[in-house]
Amino acid sequence: QVQLVESGGGLVQAGGSLRLSCAVSGRTFSLYAMGWFRQAPGKEREFVAAIRWSGGSTYYGDSVKGRFTISGDNAKTTVYLQMNNLKPEDTAVYSCAAERYYSDIIYARDYDYWGQGTQVTVSS
């Protein structure tokens, strides 16, 4: 099994930055990729970013490209989401997720493990 714990959320003004962390424990060697998703009240879950452990390829949702950066350590113990130039529309609960097998990487249904989420609120 794999456990994921997010941290780093909070309240920030528009234009500010936050860095989210996802601590990964358990059978981390079995993981193929990690992702971040977000969900705002009344909206569907949205893909934010993902990273494949093998090769380090990264992927981003259109709404965050150029502002957010996903990274991870070589030991697969932590995944980060650096969020810059935050906008009020970025307000959501951000969740870390892990998948064991190759997939299209942008779909939540392909992820096997999820964290509890951390709230990010951006004020205007």
Side-chain angles (χ1 to χ4, degrees):
Q1 294 298 315
V2 172
Q3 295 78 42
L4 307 175
V5 179
E6 302 96 335
S7 61
L11 174 64
V12 64
Q13 288 187 334
S17 299
L18 281 176
R19 189 176 80 158
L20 304 183
S21 298
C22 175
V24 188
S25 61
R27 299 171 63 88
T28 59
F29 62 87
S30 67
L31 300 178
Y32 183 79
M34 302 290 298
W36 286 97
F37 291 79
R38 68 186 183 186
Q39 188 165 21
K43 294 188 177 181
E44 294 187 353
R45 183 179 290 171
E46 177 188 12
F47 169 73
V48 176
I51 183 169
R52 298 192 195 276
W53 287 121
S54 178
S57 298
T58 57
Y59 308 83
Y60 296 94
D62 288 341
S63 61
V64 307
K65 281 180 182 176
R67 299 189 298 123
F68 290 12
T69 303
I70 188 172
S71 62
D73 65 357
N74 291 333
K76 298 185 180 180
T77 59
T78 310
V79 176
Y80 303 99
L81 184 67
Q82 178 66 44
M83 306 185 294
N84 298 328
N85 190 22
L86 283 160
K87 304 175 181 180
E89 51 264 43
D90 293 319
T91 295
V93 174
Y94 285 69
S95 297
C96 175
E99 64 174 18
R100 294 178 293 168
Y101 306 109
Y102 180 88
S103 75
D104 290 333
I105 216 169
I106 65 172
Y107 300 111
R109 64 174 183 252
D110 292 328
Y111 287 78
D112 302 288
Y113 306 101
W114 290 83
Q116 81 288 351
T118 185
Q119 176 70 46
V120 171
T121 303
V122 184
S123 62
S124 57

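Along the sequence shown, residues are numbered consecutively beginning with 1. What you see is a predicted model; the values in this text were computed from it and never measured.
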Tell me, please, which residues at least two apart from [X] pass side chain to side chain contact (heavy atoms under 4.5 Å, CB included).
{"X": "Ser57", "result": "Tyr59"}
{"X": "Gln13", "result": "Ser123"}
{"X": "Ile106", "result": "Phe47"}
{"X": "Thr121", "result": "Leu11, Thr91, Gln119"}

- Task: Report the hydrophobic cluster partners of Phe68, with the cluster defined as I, L, V, M, F, W, Y residues connected by side-chain heavy atoms closer than 4.5 angstrom, directly or transitively.
- Result: Val2, Leu4, Val12, Leu18, Leu20, Val24, Leu31, Met34, Trp36, Val48, Ile51, Trp53, Tyr60, Val64, Ile70, Val79, Leu81, Met83, Leu86, Tyr94, Tyr113, Val120, Val122
- Message: Clusters formed by hydrophobic residues whose side-chain heavy atoms approach within less than 4.5 Å: which one holds Tyr102, and what are its other members?
- Response: Tyr32
- Message: Applying salt bridge (charged side-chain N to carboxylate O under 4.0 Å, His left out), can you list everything that pairs with Asp62, at least two apart in sequence or on another chain?
- Response: Lys65
- Considering residues at least two apart in sequence or located in another chain, which fulfil the ring pair (Phe, Tyr, Trp, His ring centres under 6.0 Å) criterion with Tyr107? none
- Partners passing ring pair (Phe, Tyr, Trp, His ring centres under 6.0 Å) against Tyr111 (at least two apart in sequence or in another chain): Phe37
- Does any N or O in the side chain of Gln39 come within less than 3.5 Å of the main-chain N or O of Ala92, such that one atom is a donor and the other an acceptor? no
- Task: Report yes or no: does Asp110 contribute a side-chain atom to a donor-acceptor pair with the main-chain N or O of Ser103 at less than 3.5 Å?
- Result: no
- For the atom pair CD (Glu46) and OG (Ser63), what is the distance rounded to the nearest 0.5 Å? 4.0 Å
- From OH (Tyr80) to CG (Asp73), nearest 0.5 Å: 6.0 Å
- Message: Run the side chain to side chain donor-acceptor pair (under 3.5 Å) test against Asp90 and tell me which residues pass, sequence neighbours left out.
- Response: Arg38, Arg67
- Between Gly117 and Ser95, the two heavy atoms sitting closest are CA-OG, 3.6 Å
- Restricting to pairs with a member in residues 52-124, which pass disulfide (SG to SG under 2.5 Å), not counting sequence neighbours? Cys22-Cys96
- Note on the structure: For residues 16-31, the side-chain hydrogen bond (donor to acceptor under 3.5 Å, both in side chains) pairs (sequence neighbours left out) are Gln3-Ser25, Ser17-Asn84
